[in-house]
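Letters A, B, ... mirror the listed sequences (proteins, then strands); counts begin at 1.
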Amino acid sequence: MGIYDTLNEQQREAVLHTEGPLLILAGAGSGKTRVLTHRIAYLIEEMGVNPWNILAITFTNKAAGEMRERVDNLVGIGSDSIWVSTFHSACVRILRRYIGLLGYDTNFTIYDSDDQKTLMRDVCRMLNVDTKMFKERMFLGAVSHAKEELITPQEFRLEAGGDFVKLKVADVYEEYEKQLRANNALDFDDLLVKTVQLFQTQADVLDHYQERFRYIMVDEYQDTNTVQFELVRILSSKYRNLCVVGDDDQSIYKFRGANIRNILNFEQFFEDARVIKLEQNYRSTGNILNAANAVIRHNAGRKDKTLWTANGDGGKLEFRQFDTAYDEAEYIVGDIAGSVKKEERTYNDHAILYRTNAQSRVFEEKFVTANIPYKIVGGVNFYARREIKDLLSYLKTVDNGKDDLAVRRIINVPKRGIGLTSVNRVQEYAASREISFYEALQAADLIPGIGRGLAKLESFTALIEHYKADAQEMSVSDLMKEIIEETGYIESLENEDAEEAEARIENIDELISKIAAYEEMCGDMDMPATLGGFLEEVALVADIDSLDENSDYVVLMTLHSAKGLEFPHVYLAGLEDGLFPSYMSITSDDLEDIEEERRLCYVGITRAEEELTLTCARRRMVRGETQYNRMSRFLKEIPVELVSTGETFAGEMEDAQKELQKELQKRNAYTQAKQAFQTKVYAAAKPAKQFGSPSGSSLDYEVGDRVRHVKFGEGTVTGIIEGGRDYEVTVDFDGPGTKKMFAAFAKLQKM
DNA sequence: CTCCCCACTCTTTTT
DNA sequence: GAGTGGGGAG
């Protein structure tokens with residue numbers, strides 16, 4: 001014995017329960033990663049499971065990397081044949097092998113959100129959609145949600161009924177899909193959707209992966225959406241060894257389609273599921289934990305649990321209110337500088353968390369002047385920068401000539417005298433022939449009206465062909481260097497704006513070293529370093545993946561990015577009504593929106609190990625204008641006795657602080673009274689709020705009943721599955737055959 | 001074809 | 001406040 005002795009009772013139970021479905025409700029800081037890694041070790045070493053048969057899914061590459069490292073340390077040999085990966089990269093890996101069966105090339109391109117936006121703009125233009133009236137963003141959101149719910153364009157159209165806007169979305173969705181396919185590209189959602197489709201249609205492929213992944217583990221399960229759920233469900237349906245770990249209180253991705261019902265209803269999906277709660281927190285002090293508990297208690301729809309800790313109370317939470325965001329930043333930066341100077345802490349002991357990326361700017365300024373090393377996670381992704389996208393587009397063009405977006409991006413970058421008129425002519429020609437943009441370019445001499453542009457187009461294709469040939473024998477980094485050299489990309493940047501060019505060139509250097517790092521990694525793993533491989537790697541990285549615990553810098557990031565991390569001293573900045581909780585959530589009629597913000601607050605508080613500082617400002621600049629905000633309602637949910645407002649303030653500041661403390665106290669008494677009242681109300685209302693029955697209503701038909709559908713006519717219900725938000729009903733229609741649909745959409749009528 | 005200026009929108013969060 | 005797109009001049 002040995003490694004399993006260090007676990008507490010619940011943790012050990014979770015580790016030892018290896019067969020059948022298992023839900024681990026792991027509160028913040030309760031050691032869930034420990035459980036997962038030990039469970040993997042246990043499977044291999046004690047149960048004799050082949051590492052090859054284990055799949056562990058995480059949300060970020062960073063989490064995957066950490067888990068892999070920790071498993072490596074626990075298990076001796078064989079750990080590298082365990083699949084530890086994110087949903088997205090697991091899907092890519094599967095699709096690279098089998099997507100041919102769905103009619104795509106295996107060297108498909110992955111479109112990031114920028115590419116999606118560009119494509120959507122094109123689509124709107126093609127369909128003559130007035131983008132003043134309907135925003136591309138709206139379409140992208142609708143399409144993405146449809147994909148998350150596994151609704152095809154055709155189904156979307158059927159379900160739109162006579163709704164004008166929905167029909168418009170259906171048109172756009174359909175064309176968008178068509179264009180993606182034509183470009184041999186998949187967007188983020190497609191990676192999951194296509195994999196599910198592959199499994200649904202190719203029984204042998206599904207069987208292959210079911211046999212391979214006999215033990216499946218999913219981390220951060222509360223943030224899975226419907227496609228991800230379906231993917232996991234279908235993969236695990238043969239051996240049923242599915243272990244999911246999550247915390248419904250930390251579900252913060254509803255806006256991205258995460259379906260909190262996946263975790264709340266797990267026991268209904270998997271009837272024989274074992275449920276284990278991990279409630280002992282090893283991370284934070286008692287005061288921090290009590291604050292977190294006090295806040296989250298205000299949410300209604302949650303699994304009942306209370307975190308406790310054997311750690312001491314620790315210091316009180318610090319709270320400060322400032323006049324401006326500027327003062328707020330100054331205080332925090334000064335506070336960090338002070339504790340580092342006193343050698344109490346290092347820079348990387350501190351993290352500043354905020355609601356919106358825009359808040360990082362003020363801090364950045366202060367850190368630069370204070371000469372303190374810092375790292376901002378998120379914001380503009382490295383790979384979304386213009387110069388990086390340009391150069392990657394060259395690589396993409398070489399790799400997949402069908403990626404029209406990439407080709408069009410670089411055709412005149414650096415400027416080579418190919419203007420919009422020529423591009424449009426080529427585009428029209430390509431569209432009329434149903435060939436790709438690049439293919440049209442290669443036949444440029446056949447394009448009517450191209451005139452003097454011909455020579456320029458031909459020299460462009462010659463250039464690309466030359467790179468394609470080079471790609472066969474050159475390493476990726478050499479190819480990249482050659483492209484930069486020969487196209488004169490750097491000179492063109494310098495001509496444009498010498499000042500900006502400097503930063504951009506630095507980024508280009510970083511890109512080259514990233515390519516080199518990729519090649520090195522491939523070398524270590526005995527894999528060929530391919531162009532496609534690098535592009536794929538790049539498409540799936542999140543900014544958080546680059547966070548390095550060994551570097552000594554202060555970390556700044558949004559609360560969303562902070563999930564899964566922990567720091568000795570955390571600063572929660574901008575705790576103001578209208579900012580956090582966001583204005584959107586306050587004005588929304590959906591009460592759940594505020595609850596999601598509160599969960600976000602809970603996530604923020606529980607990131608702190610020893611110290612937690614809460615700050616807000618009375619006024620701040622938002623979008624160029626000054627906003628006046630009251631302090632966040634979440635602050636008022638924290639018991640006053642846990643909070644100190646500090647005495648280091650002189651004069652008027654001090655008075656203000658005292659006044660505030662009084663208000664805090666008053667508010668607190670009020671909220672407590674209100675909360676006591678609410679608890680009673682919730683208790684009384686609970687039966688009606690059961691999550692077992694989606695949307696609170698049940699169906700008036702059951703299996704075997706005859707029903708009528710608006711489009712499909714009459715049929716017999718052959719199955720009803722309780723899905724996330726809704727029932728999934730299978731109906732055998734007399735005419736069109738068997739269809740699966742969501743009850744809320746389908747509006748079936750019992751006959 | 002390119003450059004420059006103006007107006008407009010955006011921001012809540014991201015794999 | 002910044003980044004983007006559109007329109008107009010050269």
Enquirer: Please state whether the phosphate of dT12(B), meaning OP1 or OP2, lies under 4.0 angstrom from any side-chain nitrogen or oxygen of S585(A).
Expert: no
Enquirer: Nearest of dC3(B), dG1(C), dT15(B) to any side-chain atom of R623(A)?
Expert: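 Given the options dC3(B), dG1(C), dT15(B), the side chain of R623(A) is closest to dG1(C).
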Enquirer: Does dC10(B) have its OP1 or OP2 closer than 4.0 Å to a side-chain nitrogen or oxygen of R137(A)?
Expert: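 Yes, because at least one side-chain N or O of R137(A) sits under 4.0 Å from OP1 or OP2 of dC10(B).
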Enquirer: I need the NZ-P distance between K147(A) and dT15(B), as an integer number of Å.
Expert: 18 Å
Enquirer: Of all the choices, dT2(B), dC10(B), dC1(B), which nucleotide is nearest to the side chain of S422(A) once you look at every atom?
Expert: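 Among dT2(B), dC10(B), dC1(B), the one nearest the side chain of S422(A) is dC1(B).
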Enquirer: Quick one: is the NZ or CZ of K194(A) closer than 6.0 Å to the six-membered ring centre of Y98(A), and within 45° of its axis?
Expert: no
Enquirer: Quick one: which of dT14(B), dT15(B), dT12(B) gets closest to the side chain of S561(A)?
Expert: dT14(B)
Enquirer: Please name the pair of heavy atoms, one in G488(A) and one in E491(A), separated by the smallest distance, quoted to 0.1 Å.
Expert: CA-OE1, 3.0 Å
Enquirer: Kindly say if K117(A) contacts the phosphate of dT4(C), meaning a side-chain N or O under 4.0 Å from OP1 or OP2.
Expert: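 Looking at the OP1 and OP2 atoms of dT4(C), neither is under 4.0 Å from any side-chain N or O of K117(A).
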Enquirer: Distance check, P atoms only: dT13(B) and dT4(C), in whole angstrom units.
Expert: 16 Å
Enquirer: Among dT14(B), dT12(B), dA2(C), which nucleotide sits nearest the side chain of R361(A)?
Expert: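 Of the options given, the side chain of R361(A) lies nearest dA2(C).
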Enquirer: Could you state the CG-P distance from N412(A) to dC3(B), rounded to the nearest angstrom?
Expert: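 Rounded to whole Å, this separation is 9 Å.
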Enquirer: Among dT15(B), dT12(B), dT14(B), which nucleotide has an atom closest to any side-chain atom of N357(A)?
Expert: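 Looking only at side-chain atoms, N357(A) lies closest to dT14(B).
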Enquirer: T60(A) has a side chain; which of dT15(B), dT13(B), dG5(C) sits nearest to it?
Expert: dT15(B)
Enquirer: Y354(A) and side chain to side chain contact (heavy atoms under 4.5 Å, CB included): which single residue from T558(A), L559(A), V362(A) fits?
Expert: T558(A)
Enquirer: With nearest nucleotide decided by heavy atoms, which residue, G419(A) or L192(A), maps closer to the 5′ end of DNA chain B?
Expert: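 This one resolves to G419(A).
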Enquirer: DNA chain B: E597(A) or G417(A), which has the more 5' nearest nucleotide?
Expert: G417(A)
Enquirer: Looking only at side-chain N and O atoms, does R386(A) come under 4.0 Å of OP1 or OP2 in dG3(C)?
Expert: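 For R386(A), the contact criterion (side-chain N or O under 4.0 Å from OP1 or OP2 of dG3(C)) is not met.
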Enquirer: Looking at dT12(B), dT14(B), dT15(B), which one has an atom nearest to any side-chain atom of H560(A)?
Expert: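 Selected nucleotide: dT14(B).
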Enquirer: Going by 5.5 Å between centroids and 30° between planes, is there a stack of F255(A) over dT12(B)?
Expert: no
Enquirer: Return yes if a side-chain donor-acceptor contact under 3.5 Å exists between D390(A) and Y489(A), otherwise no.
Expert: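 Yes, a side-chain donor-acceptor pair sits under 3.5 Å.
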Enquirer: One pair to check against ring pair (Phe, Tyr, Trp, His ring centres under 6.0 Å): Y176(A) and F139(A). What are the steps and the verdict?
Expert: CA-CA 10 Å; Y176(A) 175 81; F139(A) 287 123; over 10 Å; no
Enquirer: From dT12(B), dC3(B), dC1(B), pick the nucleotide closest to the side chain of T421(A)?
Expert: dC1(B)
